[in-house]
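For ligands, and for the atoms within them, numbers begin at 1 and follow the listed sequence. This structure is a prediction, so every number in the text was calculated from the model and none was measured.
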Amino acid sequence: MSNALFDAYGWDHRWEAEFAPYARQGLIPGRVVRVDRGLCDVVTPGGTVRADTEFVVPRDPMKVVCTGDWAAVDGADVGEPRYVRALLPRRTQVVRSTSSKRSDGQVLAANADHAVIAVSLAAELDLGRVERFVALAWESGAQPVVVLTKADLVTDPGTLAHLVTDTRTAAPGVEVLTVSATTGDGMDVLGALLAAGTAVLLGQSGAGKSTLANALAGEDVQDVRAIRDSDGKGRHTTTTRNLLPLPSGGALIDTPGLRGVGLWDAEGGVSQAFAEIEAYAEDCRFHDCAHEAEPGCAVLAAVEDGALPPRRLDSYRKLLRENAYLAARTDARLRSEMRREWKQRQALGRHMIERKRGPQRKP
Ligand code: GDP
Ligand code: ZN
């Protein structure tokens, strides 16, 4: 059922096992490499097919077919339209909280194993920003990796070592690498790390993501990104795939939508991004300790004896506060949506009653 070309897209024994019931129905497995307007490109063992998603349109926007999904497609006869019949449950997903419009999130990439956070060394290192992207990455379920890009611009090795150490402190449990696409330094290490599974690229505009994607792919595959508006948002003029296998192994997801996921989307994952603080907190005397001024606070004690940088605690508090704010805002939005729906139903109810009664004669 599988071949080497197909395996390059990330097909493994676990997917194969999950797919077994669909295989028995005569369906074909494939990975969604691109989605647009109800159609998607699916790479199957027999090649890339274009399939309609109309049979898997869910009510939940989080379950809409997206790049990286593993799909069961039917094996239509030549000339017949093909359809996606089912999606395998996702292992991970990168979600954008569409907080400005509706309360629903939007899935931008499915089944990534690594979330690569590109951070430019051309500007001053902003650890708070790194922490937010790490929280966003953890939230997706993928393993975060921080890649400090443009390392060629930091000429002093001691300075570079310090920047790496600081970043490691801000990202416990996360691999931190330095790379330069210009000199090629560190690219082999990154390539090896991503050789198994699927990676997505996250990071601020200008962080060096396109350059990194091209260097990893070994060619100028991301020609879409080369055509840029002056505001830095990609213009999508060509129909490139958004998921591609890398020559050194592994696959890379780089969808235009992902470029827009930003710091405001780091709603969750805070616990994991600040795992060491949560570990200290287990030893606080009060289990609802706010780590402000409580007696027996193990977190404050860790700051006191130098084990925990005060900046980390500040950052943690800030992200928690922000999450609480976002949650409250979401609730307010939900409440107002419910109110609106209720009013509509009331109006509809009145309308139905009037219809049942028949036209009312005015007195
Ligand atoms: P993106 O917005 O995250 O996709 O960032 P780009 O890949 O477009 O890179 C932003 C800028 O950084 C471009 O002008 C690149 O030429 C530059 N750049 C990217 N990687 C490197 C690098 O390794 N070294 C240096 N010196 N510049 C780089
Ligand atoms: Zn405490």
Side-chain angles (χ1 to χ4, degrees), residues 115-126 129-130 133 136 145-156 159-160 163 177-191 199-236 240 242 252-263 271 274-305 307-308 310 312-314 316-317 320:
V116 176
I117 301 155
V119 179
S120 167
L121 288 176
E124 200 183 329
L125 193 56
D126 182 342
R129 180 181 293 153
V130 173
F133 271 111
L136 170 66
V145 177
V146 175
V147 175
L148 301 174
T149 63
K150 315 185 199 183
D152 55 289
L153 298 178
V154 183
T155 43
D156 176 43
T159 307
L160 190 61
L163 292 168
L177 307 174
T178 60
V179 302
S180 165
T182 306
T183 64
D185 281 351
M187 287 305 300
D188 50 345
V189 180
L190 178 60
V200 289
L201 271 175
L202 304 173
Q204 251 209 327
S205 172
K209 296 182 295 297
S210 311
T211 312
L212 215 50
N214 287 334
L216 284 168
E219 52 177 310
D220 222 20
V221 283
Q222 303 306 87
D223 50 350
V224 181
R225 318 318 165 208
I227 309 160
R228 295 207 147 205
D229 297 327
S230 51
D231 63 1
K233 288 178 195 147
R235 213 178 334 156
H236 323 303
T240 49
N242 297 135
L252 184 70
I253 298 180
D254 185 21
T255 75
L258 271 171
R259 310 238 145 197
V261 296
L263 306 176
S271 306
F274 294 88
E276 89 279 33
I277 296 186
E278 305 231 326
Y280 287 126
E282 295 199 346
D283 295 330
C284 291
R285 186 177 306 161
F286 304 111
H287 95 109
D288 60 347
C289 184
H291 327 304
E292 301 283 357
E294 289 87 343
C297 174
V299 173
L300 292 176
V303 171
E304 200 69 25
D305 66 23
L308 180 66
R312 280 284 283 170
L313 182 55
D314 289 344
Y316 177 65
R317 285 183 178 138
L320 284 182

Problem - Matching residue for Thr178 among Leu163, Val189, Leu160 - test: side chain to side chain contact (heavy atoms under 4.5 Å, CB included) - result: Leu160
Handout entry: Flag if over 12 foreign heavy atoms under 6.0 Å of CD, Glu292
Key = yes
Problem - Residue portion contacting ligand 1 (non-hydrogen atoms closer than 4.0 Å) for Thr182 - result: both
Fill in the blank from the handout: Among the N/O/S atoms of His291, the Zn ion (ligand 2) lies closest to ND1
Completion exercise
Of Gly203, Ser210, Ala215, the residue with the heavy atom nearest atom 8 (O) of ligand 1 is Ser210
Problem - Nearest candidate to atom 27 (N) of ligand 1, where distance is taken over non-hydrogen atoms, out of Lys209, Lys150, Met187, Gln204 - result: Lys150
Handout entry: Backbone or side-chain N or O of Leu212 under 3.5 Å from ligand 1 N or O
Key = no
Practice task
Look at ligand 1 and say whether Asp152 reaches it with a heavy atom at a distance under 4.0 Å.
Solution key: yes
Problem - Crowding at CD, Glu278 (>12 non-hydrogen neighbours, <6.0 Å) - result: yes
Handout entry: Reference residue Tyr280; test side chain to side chain contact (heavy atoms under 4.5 Å, CB included); the match among Leu300, Leu308, Val303
Key = Leu308
Fill in the blank from the handout: Tightest non-hydrogen contact, residues Phe133 and Gln204, listed as CZ-N, 3.8 Å
Practice task
Work out whether the distance between some heavy atom of Gly206 and some atom of ligand 1 is less than 4.0 Å.
Solution key: yes
Practice task
Before giving the answer on side-chain contact (heavy atoms from CB on, under 4.5 Å), spell out for Val119 and Leu125 the whole-Å C-alpha distance, their side-chain angles and the decisive distance to 0.1 Å.
Solution key: CA-CA 8 Å; Val119 179; Leu125 193 56; 3.8 Å; yes
Problem - N or O contact, Val179 vs ligand 1, cut-off under 3.5 Å - result: no
Exercise for the section: Please could you name the atoms of ligand 1 that Ser180 approaches to less than 4.0 Å, counting only its heavy atoms? Expected result: 23 (O)
Practice task
Specify the closest pair of heavy atoms between Pro295 and Arg285, including all atoms of both residues, with the distance to one decimal.
Solution key: CB-NH1, 3.7 Å
Completion exercise
Heavy-atom nearest pair, Met187 first then Leu212, reads SD-CD1, 3.9 Å
Handout entry: Nitrogen or oxygen of Gly208 less than 3.5 angstrom from that of ligand 1
Key = yes
Handout entry: Angular separation of SG (Cys284) and SG (Cys289) seen from the Zn ion (ligand 2), to 10°
Key = 120°
Exercise for the section: Could you see which bit of Leu153 sits under 4.0 Å from ligand 1, with heavy atoms only: side chain, backbone, both or neither? Expected result: side chain
